[in-house]
Amino acid sequence: MSIASPGGPVRERSWPGLDVSGLRILVTGFGVSGYAIADQTMQRGAQVLVVEGADTPQLRERARILEVLGVEFRLGSDHTRQLPQDREIDLVVTSPGWRPDQPLLVAAQAAGIPVWSEVELARRMQAADGPVWLGITGTNGKTTTVTMLESMLVQAGLRAVACGNVGLPVIEAALDPEGFDVLALELSSFQLHWTEHLDCEAAVVLNVSADHLDWHGGAAAYAAAKGRIFEGVRTACVYSVADPVTRELVEEADVVEGARAVGLTLGPPGLSELGLIDGVLVDRAFLAERRSAAAELATLEDLAHLGPQGAGPHLVLDALAAAALARAHGVEPAAIRDGLRAYRMGSHRAQHLATIDGIDYVDDTKATNPAAAAASLRSAERVVWVAGGDAKGADLGPLIAAVHDRLVGVVLLGIDADPFTTALSRHAPEIPLRRIDPGETGDDPGRSRLMEEAVQAARSLAAAGDVVLLAPAAASIDQFRDYAERGDLFAAAVTRLPGERA
């Protein structure tokens with residue numbers, strides 16, 4: 001792609017190793033990625049203007065650091081509705097929160113100005129001898145898979161880091177002065193929408209289910225954004241055998257000649273697949289004798305520490321996906337096993353909080369859509385489900401129909417409970433339901449009270465051997481600041497429960 005040079009005719013800028021010196025860059029959004037974009041490009045001589053719709057004391061304080069170094073800021077919604085009228089812009093780099101129909105982005109495209117994600121910019125700026133990229137996307141399981149992959153790579157003796165939608169911004173990792181060997185990238189559909197050139201060594205789409213359809217404009221556009229992760233793959237495109245959409249994305253991808261499709265299954269693997277045989281995770285894709293043999297990577301016992309009742313099917317599939325990407329990079333089976341043994345779940349993702357009077361309490365507040373909640377609920381046999389919030393228009397009927405035989409009770413949060421109560425009355429009318437009165441939850445005590453009542457209600461429905469599971473299947477913004485606060489308040493309420501702790 002050509003970018004107009006400052007004050008002169010269009011000149012071709014090669015990549016990788018894109019030189020941004022003198023480029024007039026407009027950064028839209030000043031979150032984590034916006035800060036990193038402005039910082040990294042300013043350091044390399046770009047003329048940077050940042051626009052952000054919010055205008056708070058906290059944002060102004062963060063902006064002041066970069067303003068001293070020459071970055072210009074314009075805060076407030078007036079600056080996000082159109083392109084700046086007082087200067088030329090060579091490149092727009094947008095934060096993932098900005099929708100494609102945002103007027104400023106539409107105007108930039110109409111004017112022929114390139115609009116890139118931070119990921120696209122990082123890929124172009126990274127030197128040709130920079131780190132290898134291993135990419136992960138999907139509706140659910142991304143963070144677990146990318147951090148499992150990071151653990152495997154580290155156990156293999158590589159300098160590796162999980163980055164992107166988790167951990168470091170991609171541009172900081174790609175341009176790290178010490179240099180990483182491998183980047184394990186978690187990429188959202190938002191990031192992928194504005195990304196054309198990934199050129200990962202290997203990549204996986206874990207699954208595709210309805211989510212963020214309002215942002216993308218429909219299911220087909222959402223799936224297509226996920227599929228961008230396969231563009232330019234050199235070694236392996238990894239997909240789920242049980243999810244035909246992921247296979248279709250592989251079939252449609254424009255990859256480097258010689259790249260292979262590698263399937264994941266929870267059953268015995270076929271040729272060019274990773275799967276499970278008698279409790280053993282095995283590889284029939286990345287070994288020379290794969291037609292007649294399989295390589296043992298790990299066992300379910302190596303994952304047993306990841307849940308009070310062992311690793312559920314979704315965690316096993318995540319482990320297989322991480323193993324496939326590691327194997328595509330040449331990691332030996334022993335490092336796969338050691339990486340899984342060393343791996344620990346992050347906060348708010350199937351995090352076991354406590355066992356009190358024989359009842360396990362698990363925080364999976366990151367399960368913000370029905371597919372993620374379904375995977376979480378299937379990890380236990382008997383569940384008191386703490387659910388509810390902003391369902392974002394999702395149909396909860398299929399979820400509840402699929403898991404109703406595991407439910408021993410439901411505790412319902414959320415201002416608008418109708419999507420849940422309607423589905424529960426249709427598919428699980430016999431399950432005890434406790435509705436938590438929303439009351440006034442705008443302040444900290446109100447939100448704390450809400451979760452305290454939810455945990456107490458769940459405790460009253462549970463018996464020894466049950467799991468009280470916060471897996472809301474909905475966003476948190478109707479009652480909580482974010483999913484993390486929802487999980488933190490759940491954990492705090494659990495710590496206050498009386499009883500004998502294991």
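As a basis for the values below, the full set of heavy atoms in this structure was taken, side chains included, without hydrogen atoms, waters or symmetry mates. Just so you know, residue 1 is the first one in the sequence shown, and it goes up from there.
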Output the distance between atom [atom1] ([X]) and atom [atom2] ([Y]), rounded to the nearest 0.5 Å.
{"X": "N165", "Y": "Q191", "atom1": "CG", "atom2": "CD", "value": "4.5 Å"}
{"X": "H193", "Y": "L187", "atom1": "NE2", "atom2": "CG", "value": "14.5 Å"}
{"X": "I229", "Y": "L134", "atom1": "CD1", "atom2": "CG", "value": "10.0 Å"}
{"X": "L91", "Y": "T41", "atom1": "CG", "atom2": "OG1", "value": "9.0 Å"}

Does one side chain, of [X] or [Y], offer a donor that lies under 3.5 Å from an acceptor on the other?
{"X": "K226", "Y": "T137", "answer": "yes"}
{"X": "E485", "Y": "S476", "answer": "no"}
{"X": "R260", "Y": "S272", "answer": "yes"}
{"X": "S376", "Y": "D364", "answer": "yes"}
{"X": "T246", "Y": "S240", "answer": "no"}

Discussion item. Can you tell me if E88 has over 12 outside heavy atoms packed within less than 6.0 Å of its CD?
Written reply: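 No, the 6.0 Å shell around CD holds no more than 12 heavy atoms from other groups.
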
Item to complete: Might you confirm whether atom CD of E251 has over 12 heavy atoms from other residues, nucleotides or ligands at distances under 6.0 Å?
Response: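 Yes.
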
Item to complete: Just jot down the salt bridge (charged side-chain N to carboxylate O under 4.0 Å, His left out) partners of R228, sequence neighbours excluded, or say none.
Response: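 Listed in chain order: nothing, the list is empty.
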
[X]/[Y] ion pair, N-O < 4.0 Å:
{"X": "R341", "Y": "D302", "value": "yes"}
{"X": "D86", "Y": "R74", "value": "yes"}
{"X": "E61", "Y": "R64", "value": "yes"}
{"X": "D199", "Y": "R124", "value": "no"}

Fill in: Full working for side chain to side chain donor-acceptor pair (under 3.5 Å) between W194 and E118
CA-CA 9 Å; W194 298 109; E118 175 226 339; over 6 Å; no

Worksheet entry | Any pair counted as salt bridge (Lys or Arg N to Asp or Glu O under 4.0 Å), so long as it reaches residues 41-58, sequence neighbours left out |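 Output for this query lists D55-R60.
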
With side chains defined as the heavy atoms from C-beta onward, is the minimum distance between [X] and [Y] less than 4.5 Å?
{"X": "V27", "Y": "V48", "value": "yes"}
{"X": "L306", "Y": "M148", "value": "yes"}
{"X": "L303", "Y": "L315", "value": "no"}

Worksheet entry | Closest non-hydrogen atom pair, D243 against V208 |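 Heavy atoms only, the tightest pair is OD2-N, 2.9 Å.
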
Fill in: Residues which pass ring-ring contact (aromatic ring centres under 6.0 Å, His included) with F73, listed by chain and number, not counting sequence neighbours
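Only F30 meet the ring-ring contact (aromatic ring centres under 6.0 Å, His included) criterion with F73.
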
Worksheet item: Does the cation-pi check pass for R159 over F180, that is, NZ or CZ under 6.0 Å from the six-membered ring centre and within 45° of its axis?
Response: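 Yes; both conditions hold, so R159 lies above the ring face of F180.
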
Practice prompt. Give a yes or no on whether the backbone of L83 and the side-chain of Q85 come within a donor-acceptor separation of less than 3.5 Å.
Written response: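 It does hold such a pair.
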
